[in-house]
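Being a predicted model, the structure only gives us computed values, none of them experimental.
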Amino acid sequence: MLLSIAYMLMVGMAAGWVLRKLRLPSLAGMILTGILLGPYALDLIDGSILGISAELRKIALIIILMRAGLSLDVDDLKRVGRPAVLMCFVPACFEILGMLVLAPRLLGITVLEAAIMGSVVAAVSPAVIVPKMIRLMEEGYGTDNSIPQLILAGASVDDVFVIVLFSAFTGLAQGGRVSPVSFVQIPGSILAGILIGCGAGVLLALYFKQVHIRDTVKVIILLCISFILVTLEDSLKGAFTFSSLISVMCMGISLQKRRGPVAMRLSVKFNKLWVGAEILLFVLVGATVDVSYAVSAGAAVILLILGVLVFRMAGVMCCLVRTRLSLKERLFCMVAYMPKATVQAAIGGVPLSMGLACGNIVLTVAVLSILITAPLGAFLIDLTYQRWLTCETHGAEPGRP
């Protein structure tokens, strides 16, 4: 196991550095490292690590969402208002609609199978988007119109909505029925997650005010509470539903509102943790990729993925109607909402494990959506943010008088 971790970290860092020098996203190098070292290529990653891959990826997500919460200014988010709410579900609905229109024609599958495929592909990746948006907030790009905050909030809630739809569609495919309760649970899960996270943040703020401990210990406490929340969500399914990942981010937000200086210091600590967590996350995502599926998919699957991305971008544009954002800022939001990785890696193989007829093709589309959209989306964000967004520090777009 230790040798496998050494391979993952060293090769992942080296590949990320090489791609960064080529002006490409470093995460693409990490994903390629996972593909190369994974079970479908050189098979150099120990099976015990692959067995807990989902848990390790979740730890990385917790780190980046906590970092986002400690950095996110709720007052800026309130200024956004309606578009922030719409971004949580409208783009995903448009993408699923696109899958229902295109997939039966391109792949010859049923409408229900297309719905399952759409619910797998429709989720954006917080692991790709959140670090990029935090960087924008730190550099002051787009913050005058709260663009990074808008995308951060949407990406954090979008996954909850899509996973509930995925559960409903796979239940139908197995001969079950969709209960209206399952859709009522979506806002309930989000609201419960917000309340639990904010409550935990308030209690921690009071505790940190009364008890003086090192920031490193505070980081450990935050991580432990986050792990407990994630475990509770899994163990309480059916009895009580809440989104633990939203709770994690809201805990950071609540702590930041009440103990700003402490939150700023803790954010720096989580930035350092993310250096290693990012490599593990994307190498493990790459390790789930079966290259033989990707090669055998053909042009139809690639055309499908690009086609539903157009639907998704149209959904983002609809969310931004009647806002004061410029055309360039709206275009940036459209490309920034493209990347997919973590949810697709987590649930892409579920239909196959359920024995559904569409299992292989769903997994293939999930894999290719990661390979196409994660590097492309990250690359386009890096390429466009300085050109299309206003820098608050200077009060004008770079290059503009």
Between [X] and [Y] (side chain of the first, backbone of the second, donor and acceptor by atom type, cut-off under 3.5 Å), is there such a pair?
X: N145; Y: I147; value: no
X: R312; Y: M338; value: no
X: R330; Y: M317; value: no
X: S267; Y: M264; value: no
X: Y337; Y: M87; value: yes
X: S226; Y: L222; value: yes
X: Q344; Y: L368; value: no
X: S26; Y: G16; value: no
X: S4; Y: L44; value: yes

What is the distance from atom [atom1] of [X] to atom [atom2] of [Y], rounded to the nearest 0.5 Å?
X: L37; Y: L284; atom1: CG; atom2: CG; value: 10.5 Å
X: M99; Y: L106; atom1: CE; atom2: CG; value: 10.0 Å
X: I52; Y: I59; atom1: CD1; atom2: CD1; value: 7.5 Å
X: M251; Y: I196; atom1: CE; atom2: CD1; value: 11.0 Å

### Query
Hey, mind stepping through D215 and R265 against salt bridge (charged side-chain N to carboxylate O under 4.0 Å, His left out) and telling me if it holds?
CA-CA 7 Å; D215 288 340; R265 297 198 307 270; 2.7 Å; yes

### Query
Do other residues, nucleotides or ligands put more than 12 heavy atoms under 6.0 Å from the OH atom of Y7?
no

#### Entry: Pair R135 + D382, salt bridge at N-O below 4.0 Å
yes

### Message
Any non-hydrogen side-chain atom of P351 less than 4.5 Å from a side-chain atom of F166?
### Response
yes

### Query
How about T323 and E329: do any of their side-chain heavy atoms sit closer than 4.5 Å?
no

### Task
Could you list the residues that satisfy side chain to side chain donor-acceptor pair (under 3.5 Å) with T33, not counting sequence neighbours?
none

### Query
In chain order, what residues pass the side chain to side chain donor-acceptor pair (under 3.5 Å) check against R105, with sequence neighbours excluded?
none

### Message
Less than 6.0 angstrom from the centroid, inside 45 degrees of the normal: does K132 satisfy that with respect to the ring of Y385?
### Response
no

